[in-house]
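Below is one structure; the comments refer to it alone.
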Amino acid sequence: MKKQALYLILSFSLFYSCKKDQDPLSLNEAYSGGETTVFVSGPTAYTFALSNLDATGLTKHLEADAIFSQHFVTAPATNFGGLGPLFNQNSCESCHLRNGRGNPMLYDGDIQTGGLLKIGLDAQDVHGMPLPVPNYGGQIQTKAIFGQDPEAVISFTEWSQLLTYSDGSQVQLNKKLYQLSTTYTSAPSNYNSSFRMAPPVFGLGLLEAIAEADILQNEDPNDNNGDGISGKANWVYNPKTNLVELGRYGWKASNATAEQQSAAAANEDMGLSNSYFPNENCSAQSNCQTGLQSNLDLSTENLELMAFYFQTLAVPASRNVESEAFKAGKIIFFEAKCNACHSPTFTTSYHPISSLSYQKIHPYSDFLLHDMGSDLADNRREALAEGSEWRTPPLWGLGLSKVVNPKVQFLHDGRAATIEEAILWHGGEAENSRNFVLQLSLEQRNKLLYFLNSL
Ligand code: HEC
Ligand code: HEC
């Protein structure tokens with residue numbers, strides 16, 4: 001701990017001088033994931049293994065890929081059984097389509113969606129996570145195995161607002177407000193809810209390989225440098241280590257490792273018990289007492305493999321980096337101070353998977369929590385993340401999102417149909433950046449979007 005503090009002080013002063021002099025055009029952009037980068041840009045762009053992975057690693061990666069795309073079935077089954085009783089989808093890939101974002105919810109009761117509704121009481125458990133809602137738990141499962149009732153149907157109403165650029169052109173921003181209908185038992189009262197879209201899952205090993213101190217040095221919770229932007233780490237409980245660790249994964253950074261996130265997903269989204277969550281996601285519910293297996297639904301070996309899959313999924317290279325439009329757009333990105341949260345560059349530290357170690361990467365995220373204002377708030381607290389706080393999502397691979405799946409939308413609940421809309425929803429600490437964009441000319445806006453679409 002002491003060593004870390006010393007390192008923090010030392011690196012803080014160094015970093016500070018670097019950040020100010022940072023030349024937006026000097027970064028070797030194309031290699032978003034350092035030597036792990038893959039130069040691909042088609043619909044399968046998110047599906048490649050780290051380009052510097054050795055043969056043994058590649059074999060393991062392909063084995064892990066099969067588990068990620070595996071459709072689990074109900075018990076009893078010798079392999080990949082244990083789905084449900086309650087679940088949202090029967091495979092990881094049904095939400096993380098081609099390893100990218102999930103499909104948005106298109107109509108009331110749409111159960112094909114790649115999103116899910118988290119619910120909770122306003123009170124927190126000992127680890128700071130919302131207490132489960134009686135009879136429903138922490139997430140609404142919209143599917144159930146044969147003979148059981150799903151918890152509820154998710155329906156929504158729509159809300160919209162108009163935003164006007166300085167040049168008079170307007171953009172309509174839409175969002176959905178979600179409710180429960182057709183509940184299997186009396187509807188819960190006084191609960192908070194948060195709709196979440198499945199984020200892309202590539203590059204997660206590189207994120208794991210960033211040293212904790214390197215993420216923490218960007219923290220400024222009291223905004224001591226007075227730039228209106230704080231940035232704060234989430235500290236979350238990891239059941240495997242029994243320790244409180246830096247949260248890195250999820251829209252509110254409430255999971256510490258790729259493995260913990262996978263274990264939570266397996267349990268909540270698919271009804272698979274595992275070494276992190278040995279009980280089904282439904283212990284006391286009347287619609288959840290059949291179809292159980294005596295052993296863990298997801299073996300510890302398969303859980304480790306699942307995590308290995310994300311750890312070794314490559315980031316696609318940026319495109320057009322030598323073009324004038326890219327360079328001009330990148331300058332606007334810096335002028336708008338997008339980089340204050342979407343930090344362009346990190347160098348990874350040691351990681352047991354050696355391909356991930358010591359790579360200069362361009363995730364465009366500080367992986368910290370920021371207050372994004374009331375329009376984006378879900379008013380749900382997860383550990384230290386408050387109701388209006390979200391983890392800066394990385395922007396690498398962003399421009400390929402709709403190539404991978406034309407239906408996808410952006411932001412935590414998938415409300416933004418375009419990258420432009422995603423920017424215009426920015427409020428709170430990012431309000432100045434948003435206002436900067438609002439006064440840009442159409443030509444400048446197009447350059448900014450060209451740059452983002454090239455990432
Ligand atoms: C019903 C849709 C759904 C299914 C099925 C699903 N996920 Fe997810 N996944 C999500 C959502 C939503 C999030 C964001 C959760 C949050 O913000 O807390 C997420 C987040 C993740 C992340 C973190 C990504 C990041 O950048 O922080 C990983 C890793 C992940 N899921 C792995 C898995 C694995 C492994 C499975 C299969 C066992 C799986 N998911 C199944 C919807 C799903
Ligand atoms: C104060 C920190 C901050 C600043 C400044 C900021 N962002 Fe963000 N950005 C975030 C956070 C946090 C989110 C996620 C919000 C959510 O999902 O509700 C986000 C989301 C996004 C997304 C959607 C990503 C996705 O995967 O859905 C894009 C695109 C984006 N920002 C671009 C920009 C651009 C361009 C600028 C500058 C004009 C900018 N941001 C300024 C913090 C910031």
Side-chain angles (χ1 to χ4, degrees), residues 67-68 70 72 87-96 101-102 113-116 118 139 141-143 194-204 207 228-231 248-255 257-270 272 274 298 303 306-307 309-310 332-342 364-372 375-378 382 388-395 397-398 401 408-416 418-434 436-437 448-449 451-452 455:
I67 299 172
F68 185 70
Q70 181 67 43
F72 281 72
F87 61 103
N88 292 93
Q89 299 289 1
N90 63 4
S91 78
C92 309
E93 208 171 8
S94 346
C95 284
H96 301 278
R101 293 167 174 75
T113 171
L116 47 88
K118 288 193 179 269
Q139 180 173 315
Q141 278 89 22
T142 50
K143 294 183 185 173
S194 180
F195 195 81
R196 304 275 173 91
M197 285 311 300
V201 291
F202 60 85
L204 301 189
L207 162 52
I229 293 176
S230 57
R248 295 176 192 242
Y249 299 99
W251 288 101
K252 286 195 189 248
S254 49
N255 283 300
T257 62
E259 188 175 285
Q260 183 187 7
Q261 176 80 50
S262 306
N267 191 242
E268 283 285 357
D269 308 352
M270 291 163 62
L272 304 176
N274 56 64
L298 182 64
L303 177 61
M306 251 178 202
Y309 183 58
F310 311 119
I332 296 171
F333 185 84
F334 276 68
E335 284 171 351
K337 301 206 164 52
C338 311
N339 61 316
C341 303
H342 296 281
Y364 286 93
S365 172
D366 58 4
F367 303 107
L368 293 173
L369 299 169
H370 295 275
D371 178 352
M372 295 299 286
D375 280 347
L376 281 174
D378 64 352
E382 291 182 12
S388 60
E389 289 181 324
W390 300 98
R391 183 203 68 165
T392 312
L395 301 181
L398 179 74
S401 312
V408 298
Q409 309 214 140
F410 303 95
L411 295 175
H412 69 268
D413 55 0
R415 67 177 70 182
T418 61
I419 293 176
E420 179 184 17
E421 285 183 18
I423 300 170
L424 297 179
W425 275 111
H426 280 54
E429 294 173 35
E431 195 166 340
N432 290 339
S433 293
R434 193 265 312 265
F436 183 92
V437 171
L448 176 63
L449 292 175
F451 162 71
L452 294 168
L455 293 182

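Each ligand, and each atom within it, is numbered from 1 in the order the structure gives. These numbers were taken from a predicted model, which means no experiment stands behind them. Computed over heavy atoms, backbone and side chain alike; hydrogens, waters and symmetry mates excluded.
Taking distance alone, with nitrogen or oxygen atoms compared against 3.5 Å, S262 stays at or beyond that limit from ligand 1. Taking distance alone, with nitrogen or oxygen atoms compared against 3.5 Å, A422 stays at or beyond that limit from ligand 2. Residue G250 has at least one nitrogen or oxygen atom sitting less than 3.5 Å from a nitrogen or oxygen atom of ligand 1, judged on distance alone.
Using a 4.0 Å cutoff on heavy atoms, W425 does not count as a contact of ligand 2. Residue P199 places a heavy atom less than 4.0 Å from ligand 1. A heavy-atom separation below 4.0 Å is found between R101 and ligand 2.
A donor-acceptor distance shorter than 3.5 angstrom exists from the side chain of R391 to the backbone of R248, with no hydrogens or angles considered. No donor-acceptor pair closer than 3.5 Å links the side chain of E420 to the backbone N or O of L449. Formation of a donor-acceptor pair under 3.5 Å by the T392 side chain with backbone atoms of S365 is not found in this model. Within the 3.5 Å criterion, the main-chain N or O of F68 finds no donor-acceptor partner in the side chain of E93. The main-chain N or O of A263 is found under 3.5 Å from a side-chain atom of N274 such that the two form a donor-acceptor pair. A donor-acceptor pair is defined here as one N or O able to donate and one able to accept, closer than 3.5 Å; such a pair exists between the side chain of Q409 and the backbone of G414. No donor-acceptor pair under 3.5 Å is formed between the side chain of W251 and the backbone N or O of P393. The closest donor-acceptor contact from the side chain of H96 to the backbone of P199 lies under 3.5 Å. Q89 places a side-chain N or O within 3.5 Å of a backbone atom of T113 that can act as its donor or acceptor partner. Between the W425 side chain and the R415 main chain, no donor and acceptor come within less than 3.5 Å of each other.
Distance from atom 28 (C) of ligand 1 to its nearest protein heavy atom, with residue and atom name: Q261 CG, 3.2 Å. Ranking the protein heavy atoms by distance from atom 7 (N) of ligand 1 puts H96 NE2, 2.9 Å first. Of the protein's non-hydrogen atoms, the one nearest atom 15 (C) of ligand 2 is L411 CD2, 3.8 Å. Atom 39 (C) of ligand 1 has its closest protein heavy atom at A265 CB, 3.4 Å. Counting only heavy atoms of the protein, atom 37 (C) of ligand 2 lies nearest to C338 SG, 1.8 Å. Looking at atom 43 (C) of ligand 1, its nearest protein heavy atom turns out to be D269 OD2, 3.2 Å. At the shortest separation from atom 38 (C) of ligand 1 among protein heavy atoms lies C92 SG, 2.7 Å. Atom 10 (C) of ligand 2 has M372 CE, 3.5 Å as its closest protein atom, hydrogens excluded (heavy atom only). Looking from atom 32 (C) of ligand 1 to the surrounding protein, the closest heavy atom is F310 CZ, 3.5 Å. Closest to atom 1 (C) of ligand 1, if we only count protein heavy atoms, is C95 SG, 2.7 Å. The protein atom (non-hydrogen) at minimum distance from atom 26 (O) of ligand 1 is L204 CD2, 3.6 Å. In terms of protein heavy atoms, atom 2 (C) of ligand 2 is closest to C341 SG, 1.9 Å.
For the pair F436/N432, no side-chain contact is recorded, criterion being any heavy-atom separation below 4.5 Å from C-beta on. Put simply, the side chain of S433 does not reach to within 4.5 Å of the side chain of H426, judged on heavy atoms. Between W390 and L411, every side-chain heavy-atom pair lies at or beyond the 4.5 Å cut-off. Side-chain contact between V201 and Q261: absent, with no pair of heavy atoms (C-beta onward) separated by less than 4.5 Å.
Residue K143 qualifies as enclosed at atom NZ: its count of foreign heavy atoms under 6.0 Å is above 12.
Each of the following atoms of ligand 1 lies closer than 4.0 Å to a heavy atom of R196: 12 (C), 16 (C), 17 (O), 18 (O). Near M197, with a cut-off below 4.0 Å to any heavy atom, the atoms of ligand 1 are 11 (C), 12 (C). Within ligand 2, the atoms closer than 4.0 Å to a non-hydrogen atom of F410 are 27 (O), numbered from 1 in the order shown. When each atom of ligand 1 is checked for a heavy atom of Q89 under 4.0 Å away, the hits are 1 (C), 5 (C). Ligand 1 places these atoms under 4.0 Å from at least one heavy atom of N88: 1 (C). Heavy-atom proximity to K337, at under 4.0 Å, picks out these atoms of ligand 2: 5 (C). Contact atoms of ligand 1 toward S91: 5 (C) (distance under 4.0 Å to a heavy atom of the residue). Counting atoms of ligand 1 from 1 in the listed order, those under 4.0 Å from a heavy atom of L116 are 1 (C), 2 (C), 12 (C), 42 (C).
Using a 4.0 Å cut-off between charged side-chain N and carboxylate O, K118 and D378 make no salt bridge. Ion pair R196/E268 not flagged as a salt bridge, since none of the NZ, NE, NH1 or NH2 atoms sits closer than 4.0 Å to an Asp/Glu carboxylate oxygen.
Proximity of E382 to ligand 1, defined as any heavy-atom pair under 4.0 Å, is not found for any part of the residue. Residue contacts with ligand 1, taken as heavy atom pairs separated by less than 4.0 Å, do not involve P393 at all. Residue contacts with ligand 1, taken as heavy atom pairs separated by less than 4.0 Å, involve M306 solely via side-chain atoms from C-beta onward. Here Y249 has heavy atoms under 4.0 Å from ligand 1 in both its backbone and its side chain. At a heavy-atom distance under 4.0 Å, only side-chain atoms of R391, from C-beta outward, approach ligand 1. Contact annotation: for V437 versus ligand 2, heavy atoms closer than 4.0 Å belong to the side chain alone. Under 4.0 angstrom from ligand 2, there are no non-hydrogen atoms of A340. Residue-level proximity to ligand 2 for H370 is carried by the side chain, the only part with a heavy atom below 4.0 angstrom. Contact annotation for P200 and ligand 1: only backbone heavy atoms (N, CA, C, O) come within less than 4.0 Å of the ligand. Of all the heavy atoms of L452, the ones lying under 4.0 Å from any atom of ligand 2 belong exclusively to the side chain. With a 4.0 Å heavy-atom cut-off, ligand 1 is reached by no atom of L207.
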Legend entry - side-chain contact (heavy atoms from CB on, under 4.5 Å) between F333 and L452, worked out: CA-CA 9 Å; F333 185 84; L452 294 168; 3.9 Å; yes
Legend entry - side-chain contact (heavy atoms from CB on, under 4.5 Å) between S262 and L303, worked out: CA-CA 7 Å; S262 306; L303 177 61; 3.9 Å; yes
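Across all non-hydrogen atoms, the minimal contact from V408 to S401 is CG2-O, 3.7 Å. D413 approaches M197 most closely through the heavy-atom pair C-CG, 3.4 Å.
Among E335, H412, Q409, the residue whose heavy atom lies nearest to atom 18 (O) of ligand 2 is H412. The residue from D375, V408, I423, I332 that puts a heavy atom closest to atom 35 (C) of ligand 2 is I423.
Between L424 atom CG and D375 atom CG the span is 11.5 Å, to the nearest 0.5 Å.
With atom 8 (Fe) of ligand 2 as the vertex, NE2 of H426 and NE2 of H342 span 180° to the nearest 10°.
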